[in-house]
Amino acid sequence: MSAGRVAAVRLHATASLTIVLAALIGLVAFFWPFVVAPGRFGASYAPPLIFGVLLVLVLAVVFAQIADGGIDAKALAMLGVLSAVDAAVRPLGAGTAGVETIFFVLVLAGRVFGPGFGFALGCTSLFASAMLTGGVGPWMPYQMFGCAFVGMLAGVLPRARGRAEVLMLALYGSASGYLFGFLLNLSFWPFSTDPGSSIAYLPGLPFTEQWHRYLAFDAATSLGWDTGRAVTNFLCILLAGPAALVTFRRAARRADFTAPVRFEPPSP
């Protein structure tokens, strides 16, 4: 397996299109405060629940397409193993001071196994972690999609080799720490701030003013927390990334995910 962008797990066109559509719907679920007023749903808690159900339904479609497409039994086994690993290591950080240990495996696996695998791993890792730690709630679909975006984007990074690849992944891991926090804040920003505040969400404002308010909210409430996540991702990938990449690529070669499956009648 080369160190370039060749994915160990390839998806068929239908599965790829479904994942792209799911990602677009996920973006709508995150960015709806800029186009929809919460009051139109009748209650402040309704939008997160509605979009949470929508995201779960989309995930069901995505995994159905993956099962029918390019991810076979070997790839599903790898997905299960890495999801379990991520779920097990996440409590080690527990989000203290922004330290998150789940992104290390997610970024490197997305790089080696491809964007489709990274998307699925982000979803399943957070789901398994929530089941393990009892962190189930309206926020869970947003966390799942946030990690799905991190894994998917890791799979589309440009070609690189050796130390340049590790440095690129470490920088991306650092950026993804901020990206994850930026997206997750959108899930509760419309309901968590005093309407009289200068950084609160106010329905009906022009997009530019609403956007400035959110940037100020993100910087004031979570920039320090996201920095802890970004530093953790950078150091983990920089220090342990080379060994993990070699391990993942060796596993991909031995599994030979791209080999066609042939059924032949038994010889007489």
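Throughout, numbering of the chain's residues begins at 1 and tracks the sequence.
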Are [Y] and [X] linked, directly or through intermediate hydrophobic residues, by side-chain heavy-atom contacts shorter than 4.5 Å (ILVMFWY only)?
| X | Y | answer |
| --- | --- | --- |
| Val246 | Met168 | no |
| Met152 | Leu27 | yes |
| Leu239 | Leu167 | no |
| Leu179 | Val156 | yes |
| Leu106 | Leu235 | yes |

Shortest non-hydrogen contact from [X] toward [Y]:
| X | Y | result |
| --- | --- | --- |
| Val105 | Asp86 | CB-OD1, 3.4 Å |
| Asp218 | Gly181 | OD1-O, 4.1 Å |
| Ala216 | Ile199 | CB-CG2, 3.5 Å |
| Pro190 | Leu186 | CD-O, 3.6 Å |
| Leu121 | Ser83 | CD1-OG, 3.5 Å |

Problem set entry | Check against side chain to side chain contact (heavy atoms under 4.5 Å, CB included), Val150 and Phe103 | CA-CA 8 Å; Val150 171; Phe103 295 96; 4.0 Å; yes
For this session: Quick one: do Asp226 and Phe180 satisfy side chain to side chain contact (heavy atoms under 4.5 Å, CB included)? Show the steps, please.
Result: CA-CA 8 Å; Asp226 295 341; Phe180 183 80; over 6 Å; no
Exercise. Between Phe30 and Phe145, does the ring centroid distance fall short of 6.0 Å?
Worked result: no
Distance in Å, [X] [atom1] paired with [Y] [atom2], rounded so as to fall on 0.5 Å steps:
| X | Y | atom1 | atom2 | value |
| --- | --- | --- | --- | --- |
| Met144 | Phe119 | CE | CZ | 9.0 Å |
| Leu171 | Ser176 | CG | OG | 11.0 Å |
| Arg249 | Leu108 | CZ | CG | 9.0 Å |
| Cys147 | Leu183 | SG | CG | 10.0 Å |
| Leu205 | His212 | CG | NE2 | 12.0 Å |

Problem set entry | Partners meeting ring pair (Phe, Tyr, Trp, His ring centres under 6.0 Å) with Tyr214 (sequence neighbours left out) |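 Ring pair (Phe, Tyr, Trp, His ring centres under 6.0 Å) check on Tyr214 returns Phe182, Trp189.
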Counting distance only, does the side-chain N/O of [X] pair as donor-acceptor with the main-chain N or O of [Y] below 3.5 Å?
| X | Y | value |
| --- | --- | --- |
| Gln210 | Leu202 | yes |
| Ser125 | Gly122 | no |
| Arg229 | Thr101 | no |
| Ser129 | Leu126 | no |

Exercise. Is the shortest distance from a Lys or Arg side-chain nitrogen in Arg111 or Glu165 to a carboxylate oxygen in the other one below 4.0 Å?
Worked result: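 Yes.
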For this session: Please assess Phe117 against Leu82 for the test side chain to side chain contact (heavy atoms under 4.5 Å, CB included), listing each intermediate value before the final yes or no.
Result: CA-CA 11 Å; Phe117 188 93; Leu82 293 180; 3.8 Å; yes
Exercise. So Trp32 and Tyr201, would you call those rings parallel, tilted or perpendicular, with 30° and 60° as cut-offs?
Worked result: perpendicular
Exercise. Among Ile237, Leu153, Leu157, which one satisfies side-chain contact (heavy atoms from CB on, under 4.5 Å) with Val107?
Worked result: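 With Val107 as partner, Ile237, Leu153, Leu157 yield a single side-chain contact (heavy atoms from CB on, under 4.5 Å), made by Ile237.
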Problem set entry | Under the side-chain hydrogen bond (donor to acceptor under 3.5 Å, both in side chains) test, residues paired with Ser174 that sit two or more places apart |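 With neighbours one apart ignored, the set is empty.
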Exercise. Step by step, would you call Cys123 with Phe127 a side chain to side chain contact (heavy atoms under 4.5 Å, CB included)?
Worked result: CA-CA 6 Å; Cys123 294; Phe127 182 81; over 6 Å; no
Problem set entry | Fellow cluster residues of Leu223, listed by chain then number, with links counted only when side-chain atoms sit under 4.5 Å apart | Tyr178
Exercise. Is Asn233 close to Phe104 at the side-chain level, that is, under 4.5 Å between some pair of heavy atoms?
Worked result: no
